[in-house]
Number of protein chains: 2
Amino acid sequence: MKRLTTEDVARIAGVSQSTVSRVLNDYPYIKKHTREKVLAVIEELGFTRDEIARSLVEKRTKSIGLILGSISNPFFAETAEVIIERAQQLKYDVIVYNTGHKDENLEQAINLLIGKRVDGIILTSVSKNYTEKIKKLHDNGFPVLLYNSFLDIEDVNFIVMDNNKGARVAVQHLLGLGHEKIAKISGPSKYLATYERTMGYKQELTDNGYAIDDDLIFSSEFSYDKIYSFTKKLLKKKDRPTAIIAASDQMALAVLGAASSLDMKIPDDLSVVGFDNIRLASNEFIGLTTISQKMDEMSLTALEKLIYLIEHKEEEAAASIQIFLEPELMIRRTTGPAPKQD
Amino acid sequence: MKRLTTEDVARIAGVSQSTVSRVLNDYPYIKKHTREKVLAVIEELGFTRDEIARSLVEKRTKSIGLILGSISNPFFAETAEVIIERAQQLKYDVIVYNTGHKDENLEQAINLLIGKRVDGIILTSVSKNYTEKIKKLHDNGFPVLLYNSFLDIEDVNFIVMDNNKGARVAVQHLLGLGHEKIAKISGPSKYLATYERTMGYKQELTDNGYAIDDDLIFSSEFSYDKIYSFTKKLLKKKDRPTAIIAASDQMALAVLGAASSLDMKIPDDLSVVGFDNIRLASNEFIGLTTISQKMDEMSLTALEKLIYLIEHKEEEAAASIQIFLEPELMIRRTTGPAPKQD
DNA sequence: CTGAAAGCGCTTACAG
DNA sequence: CTGAAAGCGCTTACAG
């Protein structure tokens with residue numbers, strides 16, 4: 001498969017290679033006749049410009065990197081969909097990496113994306129361990145935006161929900177329903193978002209005069225199977241919790257699965273609150289009570305801000321982008337009054 | 001942010017630019033001392049090779065394109081996860097496009113990916129309308145693999161489930177449970193996979209002596225909302241079906257949502273069968289009966305075969321890759337005996 | 001073993 | 001308006 005070049009087009013159209021290039025770039029001062037002749041040849045040959053060569057000259061690729069924790073989690077999938085579609089409209093393409101929440105994959109992903117000369121990166125779920133690496137990128141003027149996470153770096157760009165408040169709202173809701181034993185199933189505490197949610201949970205309980213029971217807090221990697229079996233064990237205990245706040249809707253579904261496998265009725269026997277508000281949460285067959293992350297807004301904003309950073313990189317020190325979104329409690333079928341004590 | 005080049009490294013290390021390049025490429029005949037000096041400078045400077053320039057010379061990008069119908073559908077998300085992770089291991093990166101099942105986006109995605117000079121493309125849900133376009137690519141020797149779909153093109157590469165048989169198995173299962181009014185909610189018939197499922201449904205009913213009732217067949221674009229409202233209307237009818245076969249698990253969830261919104265009990269009032277076997281289908285809280293596509297196998301094979309095609313392009317006319325997978329019925333909680341006639 | 005040089009396919013200042 | 005030429009940052013035959 002011999003690829004065609006602007007040189008080929010030029011030869012056949014009887015003009016110079018630079019003229020072909022100008023036509024391709026909509027350069028205004030070209031004789032109508034010349035332009036049309038070139039266009040005709042391009043059309044006839046089915047010529048497609050080599051964007052790789054173009055990127056080399058223009059020092060930009062019109063590609064961005066999107067690093068996700070796990071795309072099979074609907075939170076990430078829905079995020080990716082919004083970002084990819086909007087990027088496509090803005091003529092950027094998106095190279096997607098899936099880290100499986102492993103730090104070493106994150107490191108590799110960043111290095112490869114830098115090598116591929118992407119114009120910017122959106123990074124989800126960065127752990128604290130990577131503060132230095134991200135700081136270096138950011139200080140070099142490379143456009144990076146942290147999504148649903150943030151790090152303690154001056155002027156770093158991020159968009160994140162107020163996770164502490166989100167957890168507090170969830171606890172309030174359950175307390176209001178009469179629950180007194182509320183478990184918290186969290187992701188790894190190396191993620192600031194996770195850490196803040198656990199803090200919010202503890203603070204809200206303490207503020208309401210409840211003691212913190214460490215047996216009710218499970219901090220695990222994001223693994224469906226681990227959450228599932230932990231929940232099963234937890235629910236078999238005599239003094240089991242009557243409500244569970246999960247780290248995400250995905251994890252809430254694992255909790256619901258575990259409870260169902262024990263023939264527990266939801267919400268009669270157990271109330272469950274998720275985090276994210278994935279689309280499935282509002283499906284009436286499921287009806288998951290959850291803390292909304294306003295994902296559509298968060299992901300669309302993330303993409304647009306990143307593109308802004310890319311396209312205004314050279315201008316007066318662009319103010320850094322730091323956005324906090326308000327959590328919103330979505331009450332549905334998986335939460336109800338605490339079962340009577342017996 | 002001034003980027004470093006091999007030229008910079010060479011100057012500082014006191015060697016020629018070509019030597020730096022050779023070190024980068026693990027060229028064997030380099031004096032140990034030279035190699036170490038260069039490596040030290042690379043390390044110290046934090047130099048990263050420009051893969052764009054390299055791609056231009058080597059005429060390959062180590063990127064592949066993945067064109068998906070809708071990544072927020074778990075079928076595509078789970079597919080993407082497997083493909084992206086395996087590609088990453090094989091040192092390829094993946095540019096993901098989301099067509100939203102719109103033909104014009106498919107066309108645009110292919111053109112952009114060709115421009116970006118990806119080494120190959122995995123294409124899901126191609127409609128018949130694109131037979132010519134794909135044929136041209138394929139005939140040009142460009143590696144394309146159709147995933148979960150196929151087209152009538154000689155020697156085209158594809159991996160697909162036996163959709164006709166899958167639909168038949170679903171019908172058999174419901175017939176065996178005593179259902180006589182079985183509805184079929186399908187995607188657009190421009191997709192061969194969808195078309196074959198509808199055919200299989202009709203054939204199995206006919207073979208068992210049932211008439212085809214066109215009012216029970218809904219062929220729509222893949223829109224959650226459309227399926228949802230159609231189902232609601234359908235279930236309100238006096239002579240409503242007692243079972244529904246949905247085009248995908250995602251659509252089955254829309255059907256279940258609609259039924260739940262009408263306070264129907266599953267499976268007592270209505271049996272539902274999906275297609276795909278997404279991970280959520282086996283969650284006990286949901287327990288969706290479905291036809292398994294063996295997605296993990298299908299997606300892993302797809303990626304590996306595409307890479308094979310890419311890396312053996314120049315060799316003796318590589319046999320084309322045409323894989324049919326067997327469907328498998330997964331019986332869970334959403335199907336049960338037909339309600340008594342009254 | 002190593003350097004100088006050509007070349008990948010474009011863009012764009014420079015000249016006319 | 002248009003062409004000839006330099007240059008983007010690499011790889012790799014060619015020479016030594």
Side-chain angles (χ1 to χ4, degrees), chain A residues 1-39 41-42 45-63 91 111-119, chain B residues 1-39 41-42 45-63 91 111-119:
Chain A
M1 178 186 48
K2 171 72 175 65
R3 295 228 78 113
L4 297 164
T5 69
T6 44
E7 195 66 54
D8 298 319
V9 175
R11 191 167 12 83
I12 296 174
V15 297
S16 76
Q17 183 270 337
S18 11
T19 297
V20 174
S21 181
R22 290 198 183 94
V23 170
L24 249 15
N25 289 301
D26 286 324
Y27 179 77
Y29 312 113
I30 292 196
K31 242 200 300 192
K32 189 151 174 260
H33 175 70
T34 311
R35 179 186 306 279
E36 280 166 0
K37 197 172 46 181
V38 171
L39 253 16
V41 173
I42 286 177
L45 261 42
F47 166 84
T48 311
R49 160 161 60 177
D50 188 326
E51 295 292 337
I52 292 293
R54 191 183 184 196
S55 292
L56 183 61
V57 180
E58 300 199 336
K59 293 170 170 304
R60 59 123 193 83
T61 53
K62 286 264 185 181
S63 295
K91 307 291 175 206
N111 291 340
L112 289 174
L113 287 171
I114 296 297
K116 293 281 183 160
R117 297 296 188 254
V118 293
D119 297 333
Chain B
M1 177 185 50
K2 169 75 174 62
R3 294 229 79 113
L4 297 165
T5 69
T6 45
E7 195 67 54
D8 299 319
V9 174
R11 192 168 9 81
I12 296 174
V15 297
S16 77
Q17 183 270 337
S18 11
T19 297
V20 174
S21 180
R22 289 198 184 95
V23 170
L24 250 16
N25 288 301
D26 287 323
Y27 180 76
Y29 311 114
I30 293 197
K31 243 202 295 193
K32 190 152 174 257
H33 174 70
T34 312
R35 179 187 306 278
E36 281 165 0
K37 197 172 47 182
V38 171
L39 253 16
V41 173
I42 286 176
L45 262 42
F47 166 83
T48 311
R49 159 162 57 178
D50 188 326
E51 296 292 337
I52 293 293
R54 192 184 184 197
S55 292
L56 183 60
V57 181
E58 300 198 335
K59 294 172 170 302
R60 59 121 192 84
T61 53
K62 286 259 182 187
S63 296
K91 307 292 175 205
N111 291 339
L112 289 173
L113 288 171
I114 296 296
K116 293 280 182 160
R117 297 295 188 253
V118 294
D119 297 333

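Keep in mind the model is a prediction, meaning the values are calculated, not measured. Order of the sequence lines sets the chain letters (A, B, ...), proteins ahead of strands, with each chain counted from 1.
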5′-ward residue of the pair B:A53/B:K31 relative to DNA chain C: B:K31
Rounded off to whole Å, could you give me the [atom1]-to-[atom2] distance for the [X] and [N] pair?
X     : N      : atom1 : atom2 : value
B:R3  : D:dG9  : CZ    : P     : 10 Å
B:D26 : D:dT12 : CG    : P     : 12 Å
A:L24 : C:dT12 : CG    : C1'   : 14 Å
A:I30 : C:dT12 : CD1   : C1'   : 13 Å
A:R49 : C:dT11 : CZ    : C1'   : 9 Å
A:I42 : C:dG9  : CD1   : C1'   : 14 Å
B:I52 : D:dG7  : CD1   : C1'   : 17 Å
B:E51 : D:dT11 : CD    : C1'   : 12 Å

Residues touching DNA chain D, which here means a heavy atom under 4.0 Å, drawn from residues 56-63 of chain A: A:L56, A:V57, A:K59
Which nucleotides of DNA chain C pair, in dot-bracket form (Watson-Crick or G-U under 3.5 Å, | meaning another strand): |||.||||||||.|||
Any side-chain heavy atom of [X] within less than 4.5 Å of one from [Y]?
X      : Y     : answer
A:I30  : A:V23 : yes
B:N25  : B:R49 : yes
B:K37  : B:V15 : yes
A:I114 : B:R3  : yes
B:F47  : B:L24 : yes
B:L39  : B:E36 : no

Residue list, salt bridge (charged side-chain N to carboxylate O under 4.0 Å, His left out) with A:E58, at least two apart or on another chain: A:R54, A:R60
For the side chain of [X], starting at C-beta, report the closest nucleotide among [options].
X     : options              : answer
B:D50 : D:dC10, C:dG3, D:dT2 : D:dC10
B:R22 : D:dT2, C:dT2, D:dA4  : C:dT2
A:T5  : D:dG3, C:dC10, D:dT2 : C:dC10

Between [X] and [N], is there a side-chain N or O to OP1/OP2 distance below 4.0 Å?
X      : N      : result
A:R117 : D:dC8  : no
A:T6   : C:dC10 : yes
B:T34  : C:dT2  : yes
B:T19  : C:dG3  : yes

B:L56 to A:I52 - nearest heavy-atom pair and separation: N-CG2, 4.0 Å
Minimum heavy-atom distance between B:R35 and B:P28, given as atom pair plus value: NH2-O, 3.7 Å
Touch class at under 4.0 angstrom, heavy-atom based, for A:E7 against every strand present: nothing
Sugar-phosphate only, base, or nothing, as touched by B:S21 at under 4.0 Å among non-hydrogen atoms: base
Any donor-acceptor N/O pair, A:T61 side chain to A:R117 backbone, under 3.5 Å: yes
